[in-house]
Amino acid sequence: MAEKKCAAKTTIRATTRKSVKKPTIEVLQNEQSAAFPVVKETKEPTVETKRKILFVASEAAPFIATGGLADVIGSLPKAIAKDPSYDVRVVLPLYSDIKPEFRRKFSFLGNIFTPLSWRNQYCGIFTCVENDVTFYFIDNEYYFKRTGCYGYYDDGERFAFFSKSVMEILPFIDFYPDVLHCHDWQAALAAIYLKTIYCKKEKYSFIRAIFTIHNIEYQGKYSLDILGDLFGLDEEDKGLVEYDGSINLMKGAIECCEQISTVSPTYAKEIKSAHYAHGLEDIILKNEGKLTGILNGIDVTSYNAETDKALFANYSAEDLDNKAVCKAELQKMLGLPVREVPVIAMITRLVSHKGVDLVQSVIEDILHEDIQFVVLGTGDGAYENFFLDLSSKYEGKVSANIAFNGDLSRKIYSGADIFLMPSLSEPCGLSQMIASRYATVPVVRETGGLYDSIKPYASGGNGFTFASRNPYDMLYVIHEAIDLYKKPDEWKALLKKVMTTDFSWQRSAEEYKKLYSTTVAMPF
Ligand code: GLC
């Protein structure tokens, strides 16, 4: 008999399910009536009863980080694992850029061979446990012994191998999760392989999948010609991944996962419109019933002005005095005169969607004020040159640091007064939350996670905000911030409010746990 075809969508799933174990609940077989099992609460969750979550992602702090995704995968699993009824694990590629200080802690579990189309490739499995989270690293030097994480001609093949390996290692590590939680296009194929190939196997048939979109701009688009040869998918699965004449991996994951989430409630609304969805609005609208937005948190232990060793001096919301030391030392370090004027900072990738054009169009007006302006970041050459030219023109007033520098970023977060983040779109954004932790007042455009995390001062909020993509609206609120800075008591009260806003992961972790519960309760 031909093998049953697995469901791409929830309708045609395997029907061999026998029982579902729920965490913290023990099912006692009632001999008289197996149809009505007796359930009783247990005190300590056992390995068997824990809810199992497997994160699949292409980066995680502190091992390997190129952007906000790494911060999330470095902290969300940890926040969920604080709940003893969860068993949380993460799979990552073993890039050669993962430093020896981390590799030393890894143990080698063994290897398998990952089949992908006509290929059958070595897949080493390394592991380590950090903060109650088990990490697995997929080793294959042909794919991952390269500088950086992305940007290679064969990224599609590299992440197909990674995603297929995630599915293949489950018997080896003996871990079949209740929820496979995939992040961004690089992990999309794990969910696609689950729903097209692996769910035919009994042990995989219980796994539900969630796909989290961190940025809809990057979708993983490839020519349809490589559907079988490279991605190992059948012609009959073509419809699942095909979009607009190409393979679109993000679209495929959206179609086949039980739930989709994105990193803020406002971004979840925004991506239903063409303006924000980069062509995927129809797919999002079609699947909107499964879409939720959960605002990210940040690692409040790492970003803590009281303990952060990168700072020139430490301070707290109760005693802000040393923030002035941080500011004066920063000014010295950057060659700016040590003066009591508002320091406005931007720490950003210098790319268009971060709103750099808005800043460019009114920078002369901003600099008309008695302020200092500090920028840190890399990106498009034209923007880099613009800020470098500006710093020569306004020597002693503008400091342009064209670099990616974690230590300097913390010195700027703590030494500045105002943090400017006028993004045109921002799925969540972490910098506005980090700046807040260092009592630096955010000025943001009301989009995505910026809208959800920063509320206007005029209505009792924790920063300054503007709605339209109009540079003069931005200029207006920058002036409002500068004016308030000149009123020390009111400014200090705002700093306390900004610094004590709760951006911890706890709140978000609770929401993810609810999402996991909803997903696990869904019928196949
Ligand atoms: C992406 C988004 C950013 C978000 C981060 C983590 O980098 O662009 O807004 O904060 O992912 O979810």
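Computed from a predicted model, the values in this text were never measured in an experiment. Values below: all heavy atoms of this structure, side chains included; hydrogens, waters and symmetry mates excluded.
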For the student: nearest non-hydrogen atoms of Ile366 and Ile478, plus distance
CD1-CD1, 3.7 Å
Which is it for Asp417 and Lys323 under the salt bridge (Lys or Arg N to Asp or Glu O under 4.0 Å) test, yes or no, and what are the steps along the way?
CA-CA 9 Å; Asp417 298 294; Lys323 186 165 166 69; 5.4 Å; no
Restricting to pairs with a member in residues 383-410, which pass salt bridge (Lys or Arg N to Asp or Glu O under 4.0 Å), not counting sequence neighbours?
Asp308-Arg410, Glu364-Lys393, Asp407-Lys411
Per the side-chain contact (heavy atoms from CB on, under 4.5 Å) rule, which among Val441, Leu320, Leu494 passes with Met499?
Leu320
Please check if the distance between the ring centroids of His278 and Tyr218 is under 6.0 Å.
no
For Asp483, what residues pass the salt bridge (charged side-chain N to carboxylate O under 4.0 Å, His left out) criterion, not counting sequence neighbours?
none
Looking only at the aromatic ring of each residue, does the gap between the centers of Phe162 and Tyr143 stay below 6.0 angstrom?
no
In this structure, is the centre-to-centre distance between the rings of Tyr476 and Phe466 below 6.0 Å?
no
Salt-bridge contact Asp489-Lys487 (side-chain N to carboxylate O under 4.0 Å)
no
Looking only at side-chain N and O atoms, does Thr519 offer a donor or acceptor that is under 3.5 Å from a partner on Glu258?
no
Taking Lys513 first and then Glu510, would you say they form a salt bridge - that is, a charged N and a carboxylate O separated by under 4.0 Å?
yes
Under 6.0 Å between ring centres, would you say that holds for Tyr438 and Tyr315?
no
Measure up the Trp491 and Tyr485 rings against each other and bin them: parallel (under 30°), tilted (30 to 60°), perpendicular (over 60°).
perpendicular
Take Asp299 and Lys78 through the salt bridge (Lys or Arg N to Asp or Glu O under 4.0 Å) test and state the conclusion after the steps.
CA-CA 10 Å; Asp299 187 336; Lys78 181 164 93 178; 3.4 Å; yes
